[in-house]
Structures are given as C-alpha cells and as structure tokens.
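Note that the numbering runs from 1 along the sequence shown for the chain. First listed ligand is number 1; within each ligand, the first listed atom is number 1.
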Amino acid sequence: MKQILSCIQPTGNIHFGNYFGAIQNWVKLQEQYKCLYGIVDYHAMTMPYDPDTLRKNTYQMAIDLMACGIKAENVFIQSLIPEHTELCWILSCFTSFGELSRMTQFKDKSKQIAETSKNDFISTGLFTYPVLQAADILIYHADYVPVGKDQEQHLELSRNISVRFNQRLKKEYFVHPEPLFAEVPKLLSLADPTKKMSKSLGEKHYIALFGDEKRLRKKVRSAVTDSGAPTNGEMSAGVKNLFELLKVSNKKADYDALMDTYKAGNLRYGDLKAVVADALVEITNPFKEKRAELMSNRKQVKQQLQESSATIRLQAQKTLKEVRQLTGLPTLKNVRITV
Ligand code: TRP
C-alpha cells in the first residue's frame, strides 16, 4: 500500500479555503492509503512567532484535524519526532546553496518580512525550510504528497535531494516522492473577490471553519457581488465565488437551480447567499460537535497525540538508523526500534 504524507503549519484558525483545498482530501485519502499527517511546529518557528501561541496552536490544529475526520493514529506533531531535524541536517549536506536560493517561497517570505516588520531579521531556518520539508517526506518514504500548487517547487527539491542522496551513496534508498495535486477550488475573499481567501489578509477575508454561525452568516450576507464595475455581461468574480462555494459544498441541485435563475436574469443575490450560508453551516455542524467533545477531553487528546507521535517516531528512527549507516556516522546505541 502506497504511503501518503502531508503536513500543515499550526496557524491557529483553519478556514473553508483550507478545508476544501486540503483537509477534505486528506480525510478521503485515508480510505485508500497509509496516511500520515504532521503538524509542523518546527516550520512555524521560521517566521517571527510567540512561544505560548505556538504550543497552543499546535494542539489546536491537531484537534481541528481530528474534528474534520483525520484519524488520531495518523496525526503526529513534528517536534515530538526530533529525528526530522537530524535528517534535515544530513540532507542539508546534499542540498546546494544555489538550489535553496532559487526557492520562490523563501524570496516571497523574506520580502514580506522586509516590508511588514520593523525588524528585518530573516532566519537561516526560513532559508533551510525546504530541506526540513524534504526530511518530513523522505523520513517516512512517502510515495505521494498531497499539496497545493504553491508547494510544487519544494516537492521538486525533495526529489532532487533524494536522487542525489541515492546517487552519491550508490544505493536506491530513498523513494522519489510525487506531489498529488487535488482539484483545488479557487476560493476568494468574500470581502474582496479579487484576492484569495486567506488568513494573512485579515479577519474580513476568510470564513473560519469553526467560527460562530452568526458571524459566518453575516460574512456571507455582506459578500461583495457586483462591485459596480462594468462586467460586460459576464458573471462578476464575487458571484462566481458564491457559486463555487455551493459547488464544493456538494449542493448540485441548488447550484443548478440558482444558475438557471441567474441565466434568466432573475437571481436575487440575497437568495443565493442564504443558500450558500446554509450549505456551509450544514458542513461544519457535525465537525463542531466533534470538536467540542475533543476540547472537553483535552488532556486525553494530548496524551493520545504523544502516543501516536511516539509510535510514528519508530519509523523515523528506523530510517535514521539506516541513514547513519549509509552516510558514515556511528551507530546510535540504545534506540528502541520495533518496526
Ligand atoms: N510547506 C508546507 C506548506 O506551507 C507545509 C509542509 C511542511 C509540508 N512539511 C511538509 C507539506 C511536508 C507537505 C509535506 O503548506
């Protein structure tokens, strides 16, 4: 059975863009593959951050993923498996400075720091971020990595590293992971449909998956539809976005009926918005219930995360044992490896 791996940063507040774009697909993949999903707290340290918030968000992200249907035994917290950083070091010796300098995410994020913060500190961690990501993937010999298009370059780097490693050490050891691009809907900000739905733009620009229902309805109600700019008889970006939300919410019948009304020139946007809001609420209600249950058992959930991470760690330790052997490092004694 093929191995799937993907990871998410503990950002604090998942929104419908994350759900429809990634998490929903992760849940489905669990039916057909061996899956591992990591919460990458080490990666979250590459940008300016607050320690207490990081720890809180890491556990919260795990709870949120489980509330959406990710199985507890498939979830790990990256830093509870410190072998990720050990492999990162080793792989960094198989990665060139030039390759990392070409990463567009590094260029974008360092520019963002320079523009938005008074302090223009750019960490080496931000630079070597893609090597840690390669370690996340290669340590579990993942065949497929479900990610968004924005991660294509990082995945290509992971493959270049695995190919180079195998060539230099003359052993077909690491697999060459392939990205798995799901059909990701382009969800736009409701407040400004010229932009992508994203948390970094601010509160107005995304709908939190676990937010208050009244807030959700209000955001949908005040979504920008026809901005007043001439659209030459074409559907405006805002209206298209509302229809897109209906489509990804699996409301085909409503979608078709409202689309016919639109084409006939009789659609009242208020009606469309009401149906969209209902559809979103319907999706999240069961998740919210599950989440509340997990939150009330926080202690057990944390314990469970420690255990799932410890179990998954055994695979990582096995890889490191083999990698240390291949790369000329001494054997590390007293490691419990049962896989
Ligand atoms: N860089 C990814 C992102 O920003 C997160 C990530 C870290 C990741 N390690 C990974 C994704 C390993 C897939 C596999 O979305």
Item to check | Mutual orientation of the aromatic rings belonging to Trp26 and Tyr37 [parallel < 30°, tilted 30-60°, perpendicular > 60°] | outcome: parallel
Item to check | Which of the ligand 1 atoms, numbered from 1, are nearer than 4.0 Å to a heavy atom of Val145 | outcome: 13 (C), 14 (C)
Checklist entry - Which protein non-hydrogen atom lies closest to atom 15 (O) of ligand 1, naming both residue and atom, and how far is it? => result Gln151 NE2, 3.8 Å
In a table with atom names and distances, give each donor-acceptor pair under 3.5 Å that connects a side chain of residues 68-76 to protein atoms at least two apart or in another chain.
| from | atom 1 | to | atom 2 | distance (Å) |
| --- | --- | --- | --- | --- |
| Asn74 | ND2 | Gln30 | OE1 | 3.0 |

Checklist entry - Hey, are Glu83 and Lys318 close enough for a salt bridge, meaning a charged N less than 4.0 Å from a carboxylate O? => result no
Checklist entry - Taking distance alone, with no angle check, do Gln9 and ligand 1 share an N/O pair under 3.5 Å? => result no
Checklist outcome for this item: In this structure, atom 9 (N) of ligand 1 is nearest to the protein heavy atom Asp136 OD2, 2.7 Å
Checklist outcome for this item: Going by the 4.0 angstrom heavy-atom rule, the piece of Val147 near ligand 1 is side chain
Item to check | Heavy-atom side-chain contact between Asp64 and Leu209 under 4.5 Å | outcome: no
Item to check | For Ile137, atoms of ligand 1 separated by under 4.0 Å from a heavy atom | outcome: 12 (C), 14 (C)
Next on the checklist: Taking side-chain hydrogen bond (donor to acceptor under 3.5 Å, both in side chains) as the criterion, tell me which of His84, His43, Gln151 meets it with Gln133.
Outcome noted: Gln151
Next on the checklist: For the backbone of Tyr206 and the side chain of Lys219, can you confirm whether one donor and one acceptor N or O come within less than 3.5 Å of each other?
Outcome noted: yes
Next on the checklist: Give me the nearest non-hydrogen protein atom to atom 1 (N) of ligand 1 as residue plus atom name, then the distance to 0.1 Å.
Outcome noted: Tyr129 OH, 2.7 Å
